[in-house]
Structure formats: C-alpha cells, structure tokens
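Protein chains get the first letters and strands the later ones, always in sequence-line order, with residue 1 at the start of each. Below, all heavy atoms of this structure are taken into account, side chains as well, without hydrogens, waters or symmetry copies. What you are looking at is a predicted structure, and each value in this text was computed from that prediction instead of being measured.
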Amino acid sequence: MEKAISITENPFAKTNGRGKDVKETAVVGLTQTAVVLIIAILVIILGIIIYQGRTKFSWEFISSFPTDGMTQGGIFPALIGTFILVIVMSIAAVPFGTITAIYLTEYAHENSKFAAAVRFSIRTLAVVPSIIFGLFGLGFFIQFVGTGMDSAFNDGQLRWGQPNILWASLTMALLTLPVIIVSVEEALKTIPRELREASLALGATKWQTIKHVVFPGSISGIMTGTILAVSRGAGEVAPILFTGAAYYLATLPGSLSDQFMNLGYHVYIMSTQSSDVEKTMPIQFATTLVLLILTLSLNLVAVIIRSRIRRKAK
Amino acid sequence: MRDIKIQVNDLSLYYGEKKALKEISMQIPANKVTALIGPSGCGKSTFLRCINRMNDLIPSVKITGELLVEGIDIYDKNVDVVNIRKKIGMVFQKSNPFPKSIYENIAYGPRINGIKDKTQLDEIVETSLRQAAIWDELKDRLGDSALGLSGGQQQRLCIARTLAVSPDIILMDEPASALDPISTSKIEELVHELKEQYTIIIVTHNMQQAARTSDHTAFFYMGELIEMGKTNTIFTKPEKKQTEDYITGRFG
C-alpha cells in the first residue's frame, strides 16, 4: 500500500521572528571586532617598534658597549647580561622544576594532601606579581642568604650580601618555576598508561620506567617548558630590579657575585633615568626590538616543539 | 590436578567499597593453558592483573586472601613486586610496543635486568623473536621502529618482549581481540607452542578461542568464579546452569 506523503508545512522553513537573526549577527560582529582589535593592537605595537628601532638596529648596535653617557653606542653588555641571567636561571629552575613535576605526576598519590598542597603552591606562585619576587629576592637571597654567607665564609666582608647575577637568576628561577613544572607535567601525562604498564610488567622498577620510557618520551615537553621559562625570564624586569641589574657597567660580569646589565632593565632606565631621554629614543626602540625578537623567537620555537608533541601524542 | 603452579585461596578485591572479586579459589596447573572467560565486567581481567600485581598501580584497590605462586604468597610483605613481574610476564589487550626499535623493544627487559653484553643481548633478541615466531619476518629490520609494524606483528613482538625476561608464567589479557583472523590464528598457534615451556593464563571474550587454545577453563560471573574444569568438560557438560547459558550464548 503506497501512500503519498504530503507536506502541508515545511518543517525546515526559517523561523519568522527576525530577532534571532539580529542576535546572531550581533554576536558574530562582536567577536570579529574583538579579533580585529587584538590583531590591530599587536600590529601597531610591532609596527612602531620596528619602524622606530630600525635606524639604530644593526650588528654594531648589538655588539658594542654604550658610549657617551649611554646616549650612543650599543647594548652588548645588556644582551650578554640577559644571556647569563637566563642560563643561570635555567640551571637552577629546570632540574628543580622537572623533579617536582616527576614527583607530582609519577609518585604522588591521587588524593595525597601533600601533592595537593604543592599544586596549590605552584598555582599561587604563578599569580604572584613579579615585583613581589624581586622583594623576596632582596630580603631572602641578598639580606639573609648572602649576608649569612659573607659572615660565614668571607670574614664579614661584603661579597654575596649585595645584588648580583646569582641572586637575580635565582629570583627569576622562582618566578619561572611554575611555567616549567606545568609544562613538564603536561609532557609526562602524554605518555600513555599502556607504555608504563608494559615496562612495569617486564619487571622494571618505577624509576627505571620513568628513566627509560616516560622521560625519553617527554624530553621535548621539558624543552618547551625550558624555552617558555627562558623567554619569560628574558623579558621580566621587576624581579631583578633590586637583586642584581645594574644601570651601567664598563665591563662584562666576571663572576656570579658581579652585577650585570639587562635588556629589559636597560629600556626602563633609558626611558626614565637617561640624561637625555629624547636623544636616546632610537636606542630605546632598538633595544626593545632586540628584546622582542629574542622572546618572540623563543616562544615560536616552543610553539613548534609543542605542536610536534601534540601530533605525536595522537 | 598435579603440578599446581598457582594456588588461589579466597582472593577478594575491592575497588574502594565495591567488591569486584569475591572469594576466588582456584588452582592453575603448570605448563598448561588456562582460559578465563565470562561477560564484560565479570572480573576476569581484574583477576588476571592480580597475578602479577598490576592492580597495585590503582591506589583504591584492596586485596584480601592468598595468591600462591609455587607455594609463595606473592602478596606477602617480604615479596618484591619487581621480582614477581620478572617471573610473571604479561601481554596486554592493546599491543604496546615502546616507541623504540624492534631490537630495543626486546632488549629492554634484559637491559633493566643488568645485561649489558652485546652478544648476549643479540642472542636473547634472536631467541625471543624465534620463540614468538616472528624472527623470519623481522630479522632484517631489527633497527626499524616497532611502531611501523602491523597490529599482529606488534602483538607478537610484545610476546617476544615478554619472553626475553624468561618468565615462568605468561598472562595474556585478550591478546587477539584487536587483531584480524589471520593474526589471531598466529597468536593462537603461538600460545599452543609456548605452553611446552610456560604456564599460560589467557583472558578471552572469544569462546572458540578458549575452546581451541586452552586445557582448562574458568568461568567468571559478577566477580565470582562460577566453575572451573577441563576445557572439554566445561564446553560440553558444564555443571552449572550459568556456565551453560553463557557458553551456549544465552547471555553475555
């Protein structure tokens, strides 16, 4: 028995009320505007810096010392100071952060109160304003640890009880620790349970499993974390304000107890405390450009590694 | 039954409050294949993972009762779980080769046991792959990544990897459930050959597989061991009604 189906009313017809369409258009318009605005801001910032900094930006600028009361010359010591800072910082923060992450993902029990406390501390550490780290560094590293070291090993002579590269780097390490811990944790979690079980079922201990299976699989994640931390550390100024950054040094630092110049700090002092702010404007922009290139390229590398991990995890 | 390899006495397992295994008692004979069958969630895999203490990895699990391997309670405080797992190998449902070369996959176990000598490792790799009947397929590509192998080859590689630490007992958790019929029959043949030297316990969903490969069969239902006996008997004249219903496909 066949019977024609008759449609009296189109069930797929557009709804009559126009109000829905208007809302839809408004939401799409709003989101698009927001996106355009953000891109515009970025383009303007980068545009101004590149445009203003380009005249001064050169190999010579990067490789020479400032001259004429810092109104001429380059930023070589600030660049080197920044490098030393992030290297010492990484040496301190990467192993410490990695070990913490290994503890949290591999050893801590799911409902361990201690692990929960550690996680809470890390989250809190991540939102502490960077200037607070600077003050902490001054109070703890310089006045407490440094002064203590001087009176213990240096007959009370002043060496460690003042701002220097070591204290600035350690302060910066504290600031970047959460970044490292979180990215290493993420990387460790991408190693599937099946692989851990395979290793354990062969009679491997937990540590052997971590060392031979989990760790090699997450090495790129650890690198991502390190790079992100380094780029954060390269750009931050507040933590090193009181802990080691110098206004001007005629020579490169020779030991960890020396002060150092720093790119971010250089921009800050050039724009606020220079003898002639107007005259040094090109230097400020060019320094900013160097700093931007440095941090953006580091971030780019991190993004590339991270996307590789994601692809591998699938 | 003579030559009892594993003796289980009143073994119960709890996930938190939930009792997943209820007073299991059984004897598993040496150098035979014992199949564990039952519907999903009946506890057969959980029970299998008790035998090499894989359930230790789940924090909420609590186990009572005894599980004796050659007369030694493996849940005793003085027993090192690492030594248990060296003696009791496991092949998983989903093949899980390490993202390393074929050679490194096999050499992994011996290496963590401290074998460093290259010739000795070479020898173990070859013997293990031969035992797993995959040597001829792989001998020319030992340096290739194990992840490039087909599913069936990966699973046989995992069996070879288990053999490389020379266990006595091999636990297999639905080793062929993700494989095509040809790979499945290869695994089954392998199980048949391996029982000469090893005690094998295999969890399977596939009734024919249990019938084909095993000497003894244990039927689990709702966390209880309903019936265990010679595979022939279980499949032709089961004592319990539940077993019969399951085997004839009336539920499960």
Handout entry: Heavy atoms from other residues, nucleotides or ligands near OH of A/Y107 exceed 12 (cutoff 6.0 Å)
Key = yes
Fill in the blank from the handout: Turns out that what part of B/P97 lies under 4.5 Å from chain A's heavy atoms comes down to backbone
Exercise for the section: Can you establish whether the number of heavy atoms outside A/F83 located under 6.0 Å from its atom CZ is more than 12? Expected result: no
Problem - Backbone of B/I112 reached by a side-chain donor or acceptor of A/Q208 within 3.5 Å - result: yes
Problem - Part of B/V165 lying under 4.5 Å from any heavy atom of chain A - result: side chain
Practice task
Locate the shortest heavy-atom distance separating B/N52 from A/A201; write the atom from each residue and the value.
Solution key: ND2-CB, 4.3 Å
Exercise for the section: Taking all non-hydrogen atoms of both residues into account, name the closest pair between B/F98 and A/L195 and its distance. Expected result: CE2-O, 3.6 Å
Practice task
Give a yes or no on this: more than 12 heavy atoms of other residues, nucleotides or ligands lie within 6.0 Å of atom CZ of A/F96.
Solution key: no
Exercise for the section: Name the region of B/I88, side chain, backbone, both or neither, that has any atom closer than 4.5 Å to a heavy atom of chain A. Expected result: backbone
Fill in the blank from the handout: Turns out that what part of B/K87 lies under 4.5 Å from chain A's heavy atoms comes down to neither
Fill in the blank from the handout: Rounding to 0.5 Å, atoms CZ (B/R85) and OG1 (A/T205) come to a distance of 10.5 Å
Exercise for the section: Could you pull out the closest heavy-atom pair between B/Y108 and A/T209, with the gap in Å? Expected result: OH-CA, 4.0 Å
Completion exercise
B/K100 and A/H212 have their tightest heavy-atom pair at NZ-O, 3.0 Å
Fill in the blank from the handout: Minimal heavy-atom distance between A/L202 and B/R161, with the atoms involved, is CD2-O, 3.4 Å
Problem - B/N96 side, atom CG; A/R196 side, atom CZ - distance, nearest 0.5 Å - result: 13.0 Å
Handout entry: Heavy-atom closest pair, residues A/A198 and B/F92
Key = CA-CE1, 4.0 Å
